[in-house]
Peer 1: 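Quick one: the structure is below, questions incoming.
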Amino acid sequence: VILAMFLLQAGLLFAQAAATDLPAVERGAALYQQRCAVPFCHGPAGTSGRAPALAGRDYDLEELRRMIAQGIPSRGMPAFQQQLGDQGVNAVLAYVRSLRPIAPAPPPVTTAPQIRLSAQGTSGRDLFFDSSRLPGCSDCHAVGEMGALVAGKLNSSISTEAIRNVRPEHVSTAHSQDHPEFPAIIFQVTSDTMRVFDLSTPLPVLRTFSKSRLALREGAAWDHQRVVRRYSPAELESIVSYIREAAQSADNGHHRH
Amino acid sequence: MFKYGIVCLLLGSSAATTQVSAPAKNDWPSYGGTNYAWRYSSLDQIRVDNVRRLAPAWVFQTGDYADALQATPIVLDGVMYVSTAMSWVFALDAATGKTLWEYRYPAPQINPRYGNQNRGVAVGHGKVFVGTMDNHVVALDQKTGRELWNVTVEDPIYCGCNITGAPLLVKDKIVAGVTGGDSAHRGYLTAFDAQTGRLAWRFYTIPAPGEKGSETWPGDSWRFGGGATWITGSFDAELNLLYWGVGNPAADFDASARKGENLYTGSIIALDPDTGKLKWHYQEIPQDVWDYDATYEPILADLPVKGRQRKVLLHFNKSGHVWVLDRVTGEFIGAWPYVDHINWTKGITETGALIARNEPEVGKAKLICPGAIGGRSWNHAAFSPRTKLLYSTALEVCSVITATTQDPEPGASFFGGSFTMKPPPGDRARGYIAAYDPVTGKRAWTWDYPYYLLASVLATGGDLIFSGDPEGNFFALDARTGTKLWSFPTGGGHRGSPVTYQVGGRQFVATPTGWGSIIGKFFLNLWPEAPMPRRGSAIFAFALPAPEMEETR
């Protein structure tokens, strides 16, 4: 038993030492695969197992942090604060927030949800999805079941302040010998590939690299402000109205038909 | 043998001096055969005098029965690349049908408005490019089928659009069009860097306020004006011009909110492929109100016109006319009818103007010919440089159209009316394949079929025309007479595009088979006696028996 504990400790030390250069999401991915992915818990992609599916859920950040740190004793979810420390909890948090829904599929849809939008909400919707604003909001963000899942799904707690103050916590810099650097968001890490959204272009590209051919470092020369500045204050207000109205409608169980 | 050698030599030299890249040879490298969209190959091992011995060499079942197998297979260096309705992609050994790799696009969580259809891939730069039913463009590793990049063109629900056509590889860029001509949507063409998937340019088929041409769209009608780009364009490398057909304006049948010419709908556009800038446009039908897409394939050929050799663009429009344009300048050369029943206009003048317009009316049912499905569906024509003839399927079918006024809702259906299919007045509904003089439209022959034809035609150097019918037969006609020479029952109805290629000295003719398609459903009432076309999803590859192939070498 002592030998086993020693090996475990050594392994952890090694993992931590090797992990210090990696961005939070990637460290989180490694920790997640060790601690959370077991088949009878959340599963390797956050979509299966006996515990709730995590992928694509728009958890409140603080609530999720609390659940990881303190666990949910009544439901068998362990507390990870002691094992992982603040840095580890934050890393797992970052990774879980990056998980995209893969399954199960909601019912197929052809048309937009029939939501009664205010006049301001309607003009906000058309700004949110305007294909000639490159990039536009919907090229990265989803509201309800529409839009892209490059960055987080937006909910009714949105405000113009929040939009202006987005910090690029989840954006890393991808670099390698073969490619010039580009700002990237991790989508998926498998045993041999790294899948990242390339944010250097108005329509984000999900690119797949061999793990050995792409490295990531924390932080990026990427700025949400550059996009936000292209909208007037009145336009931002309209967009916020749309997000609130659509997200509330989605929360109230409105579904597309 | 000596005789054939001389013929080949002559053909080879004439091809070299005129259009090097026009006829396909051993491979089928691009959607239309080559980027000139002839759907012609100079291969002539299979000929008029031996085609009756053509036999299946292999069959490949894709396993994807979501809709018809509509693809044009691409063949390069003995490997066939084919995509299916659900945007699955297969690489096959083109000589044996053996699977080299397969890519299964994850099933999206939407039902696309324009159905699950995929007309093919583009191959180059070590990659295979495919558009998807939920509006992504995906690049795969040509050797392994592994995904390299994947980009969303626009939210498919908000735009009411998606990708059903094959993307076109033009130099270092991959160009993709979208559906959405019958949706409240503003159409465009998008080019991506082939290596990285990064956006290169986007050309809107409808100008925004302030841009040239915007005066042809009153109010905010430009935001919902359709102008889809759903069929693959062509490319002339010598002129460095990318040609694309732009579909109908929306609302389809009611122009009350879009009084004006509605540029660049119903037009052929010529773009600089490096920048996406418009070099010229020619509008075939200003302010279309019949759903006559001008999005079908632009065929690029060099032909004598009134004694002068000209670089022309031949274009089948749904309206029952072929437009002949000068592809250097966009100048109108002529237009000729390819079907018998046309009543939406009395004709087209020598300068390209419409003589009278018989328009649908709000609240009134009117018989319009050709119907809203067109004098032909998207399935493609072929041009043979040997016979100098243009070959196409044609449909004698009309529609009763009733226009309605409708308010646009982004991404939602925006027809501004409805239609049902009807036989032409004083005639029965008919389908046929015809051979036309490409400049004058004079018919050399017509091959009649009792029902409707919805598969592309293929022309070969063996003077054969191949196509398939909804009953499931794949057949060969004599390119000079239209006589049926050979037929093989594949089982599934034909809604795809056959190709030919050569591997190891053996010529193959391959066809997708397997019914589906939205259009096919419109015809069930018109031909109640026609057998119900069978679904399926397979590639049939045919070749001459091996010993015979040896004899002809």
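In what follows, chains are A, B, ... by sequence order, proteins preceding strands, each numbered from 1.
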Peer 1: Between chain A and each of B/Thr152, B/Val153, B/Thr196, B/Val138, count heavy-atom pairs under 4.5 Å; write down the option with the most.
Peer 2: B/Thr196

Peer 1: To the closest 0.5 Å, what do you measure between CE (A/Met146) and CD1 (B/Ile157)?
Peer 2: 6.5 Å

Peer 1: Which residues in residues 122-129 of chain A have any heavy atom closer than 4.5 Å to a heavy atom of chain B?
Peer 2: A/Arg125, A/Asp126, A/Phe129

Peer 1: Which value, rounded to the nearest 0.5 Å, describes the distance between B/Leu148 atom CG and A/Thr193 atom OG1?
Peer 2: 11.0 Å

Peer 1: Give the C-alpha distance, both sets of side-chain angles, the deciding distance and a yes or no for salt bridge (Lys or Arg N to Asp or Glu O under 4.0 Å) between A/Asp192 and B/Arg146.
Peer 2: CA-CA 12 Å; A/Asp192 57 344; B/Arg146 285 173 70 157; 3.7 Å; yes

Peer 1: Which residues satisfy the ring-ring contact (aromatic ring centres under 6.0 Å, His included) test with A/Phe209, sequence neighbours excluded?
Peer 2: A/His179

Peer 1: Decide if atom CZ of A/Arg116 counts as having more than 12 heavy atoms of other residues, nucleotides or ligands within a radius under 6.0 Å.
Peer 2: no

Peer 1: Among residues 200-208 of chain A, which residues come closer than 4.5 Å to chain B, judged by heavy atom distances?
Peer 2: A/Ser200, A/Thr201, A/Pro202, A/Leu203, A/Pro204, A/Val205, A/Leu206, A/Arg207, A/Thr208

Peer 1: Tell me whether the count of non-hydrogen atoms from other residues, nucleotides or ligands lying under 6.0 Å of CG in B/Asp407 goes above 12.
Peer 2: no

Peer 1: Quick one: what part of B/Arg198 sits under 4.5 Å from any heavy atom of chain A, side chain, backbone, both or neither?
Peer 2: both

Peer 1: Report yes or no: does B/Tyr204 contribute a side-chain atom to a donor-acceptor pair with the main-chain N or O of A/Ser132 at less than 3.5 Å?
Peer 2: yes

Peer 1: Is chain A contacted by the side chain of B/Glu154, its backbone, both, or neither, given a heavy-atom distance below 4.5 Å?
Peer 2: side chain

Peer 1: Taking disulfide (SG to SG under 2.5 Å) as the test, write out the residues that go with B/Cys159, two or more places apart.
Peer 2: B/Cys161

Peer 1: Is atom NZ of A/Lys211 surrounded by more than 12 heavy atoms (other residues, nucleotides or ligands) closer than 6.0 Å?
Peer 2: yes

Peer 1: Could you tell me if A/Ser131 and B/Tyr158 have a donor-acceptor pair between their side chains, going purely by distance under 3.5 Å?
Peer 2: no

Peer 1: Out of B/Arg223, B/Arg186, B/His136, which one racks up the most heavy-atom pairs below 4.5 Å with chain A?
Peer 2: B/Arg223

